[in-house]
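Working notes, beginning with the structure itself.
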There are 2 protein chains.
Amino acid sequence: MGKGKQTKQQILATALNVATATSLNDLTIGGLATITGLSKSGLFGHFNSKENLQLEVLEYAQSIFTDAVIQPTVNMNSAMEKLLTTVECWLNWYRSQGSSCIFVSTSVEFDDQPGAIQDLVKKRLQQWLEYLTQLAQTAANEGQMKGDARQFVFELYSLYLGSQQMVWVGFEDEQHTRFKCALSALIQRYQ
Amino acid sequence: MGKGKQTKQQILATALNVATATSLNDLTIGGLATITGLSKSGLFGHFNSKENLQLEVLEYAQSIFTDAVIQPTVNMNSAMEKLLTTVECWLNWYRSQGSSCIFVSTSVEFDDQPGAIQDLVKKRLQQWLEYLTQLAQTAANEGQMKGDARQFVFELYSLYLGSQQMVWVGFEDEQHTRFKCALSALIQRYQ
DNA sequence: TATAAAAACGAACGTTCGTACTTTTTTGAG
DNA sequence: CTCAAAAAAGTACGAACGTTCGTTTTTATA
């Protein structure tokens, strides 16, 4: 890997941390340059626009997310086992990012801001929901679940969102007890 | 009501629309002045700082929210009836605001931005969750529900969050069918 | 080691924003 | 109608931001 790509990866790693801790719009080229020890224009040269930087941050986040949440289950043969492990990794991912998920915050941040970033965020969320649906549907086909797979995913994702918000206001604890409680009730209801 | 207060109310109404359609931070003094037909400094004089403007927008939103969601149930004597009507009004509020809730977006926007605004947003959300819990608890005391009232509210609020996000990506329809489906399953599970 | 390309730098520009002043206009009570 | 107070306007400033451009330094290959 050449020097350029190497620096870029390092910038993206830092940028993801900053964007997760604040927001994708609060990500500033000058600020990011200071943190990474580069000059403003030196950093800028890697992306040629702020929007490109933001898009690349999202793609970088996606690659980490895939490694942390999707990859671990790739060799499992039971869909139900896949599903349960995925949810566990999903929570771990969220915690590893400092108790906030960039995909959730960007969804809210860009839901009224048309453009390339919104398009990407929306597409990724749709893909993720479809992936979960597929998992649930396969589990159903294998006789481990019954009912509407999409409705199941709707409720599962809702709980994921709710858990994050409510940890923030102290209505949910850091171990996501209420989430897990609701999850087992949800699973029970669908089997 | 003097001229000053009258203008201020009009500014706040417009500001709430803008903040709901974009975000509380994207609310701009110059932009808001243009929309309301005032000069930048003329509008500024009503608030003396952007943060004050934002705080007053939140309080204005709260007053509307109270009228639309809490007031309608004030004369009901069955807690369960109150609860169901509240949820219905809650959905209507969300729709009346152009399918986005300023309390939800500000919660995400300011969850990592300490200050007076974050404090207010957090307090209001806590109050709302407590209010819902109180409703559920009273319904339980009246024999119309059983189980953990807080857990019930956790799941209810999660569904509210989820419904909004998933309307956005087309995983939920505008009539909130999945929300209502999940809601009745939730209620059934708790009675 | 020579050398062209890649990477990084430094300074500047145009714009947007919040805010501070002063001045003008409008309001409403006596 | 008067006139002080309130409301609104006009102008200006400083800071932060994304971006451009010319230059310098570093990298990596032949």
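Here is how names work: the chains are called A, B, and so on, in the same order as the sequence lines, proteins then strands, and each is numbered from 1. This structure is a prediction, so every number in the text was calculated from the model and none was measured.
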When rounded to whole Å, the CD to P distance for the pair A/Q54 and D/dC17 reads 13 Å
Separation of C/dT16 atom C1' from B/L32 atom CG, nearest Å, is 16 Å
* Looking at A/T7, does any N or O in its side chain come under 4.0 Å of the phosphate oxygens OP1/OP2 on C/dA8? -> yes
Separation of C/dA7 atom C1' from A/Q9 atom CD, nearest Å, is 16 Å
When the rotation axes relating C1' atoms of four end pairs to the next four are compared across the helix from C/dT1-D/dA30 to C/dG30-D/dC1, five pairs an end, they differ to 10° by 20°
Pairs under 3.5 angstrom, nitrogen or oxygen only, protein versus nucleotides 18-25 of chain C, please.
from, atom 1, to, atom 2, distance (Å)
C/dG18, OP1, B/K50, NZ, 2.7
C/dG18, OP2, B/I29, N, 3.0
C/dG18, N7, B/K40, NZ, 3.2
C/dG18, O6, B/K40, NZ, 3.4
C/dT19, OP2, B/K50, N, 2.6

- Query: Considering only heavy atoms from C-beta outward, does the side chain of B/F103 approach that of B/W128 to under 4.5 Å?
  - Reply: no
At under 4.0 Å, does any side-chain N or O of A/H46 touch on OP1 or OP2 of C/dA6?
-> no
Tested for side chain to side chain contact (heavy atoms under 4.5 Å, CB included) against A/L132, the lone hit among A/F152, A/Y160, A/W90 is A/W90
Taken to the nearest whole Å, CG/A/L38 to P/C/dG10 is 11 Å
Report, one line per pair, each donor and acceptor closer than 3.5 Å where one atom sits in a side chain of residues 78-85 of chain B; sequence neighbours left out.
from, atom 1, to, atom 2, distance (Å)
B/S78, OG, B/M80, N, 3.4
B/S78, OG, B/E81, N, 3.1
B/T85, OG1, B/E81, O, 2.9

Atom CG of B/L43 and atom C1' of C/dC17 are separated, to the nearest Å, by 14 Å
Excluding A/V74, membership of its hydrophobic cluster (Ile, Leu, Val, Met, Phe, Trp, Tyr; side-chain heavy atoms within less than 4.5 Å) reads none
> Within 45° of the ring axis of B/F110 and under 6.0 Å from its six-membered ring centre, is that where the NZ or CZ of B/K122 lies?
Replying inline: no
Q. What about A/M76 and A/V87, same hydrophobic cluster or not, with Ile/Leu/Val/Met/Phe/Trp/Tyr joined at side-chain heavy-atom distances under 4.5 Å?
A. no
Residue pairs passing the side-chain hydrogen bond (donor to acceptor under 3.5 Å, both in side chains) test with at least one member in residues 180-191 of chain B, sequence neighbours excluded, are B/E155-B/R189
The remaining residues in the hydrophobic cluster of B/V108, counting side-chain heavy-atom contacts under 4.5 Å among Ile, Leu, Val, Met, Phe, Trp and Tyr, are A/V108
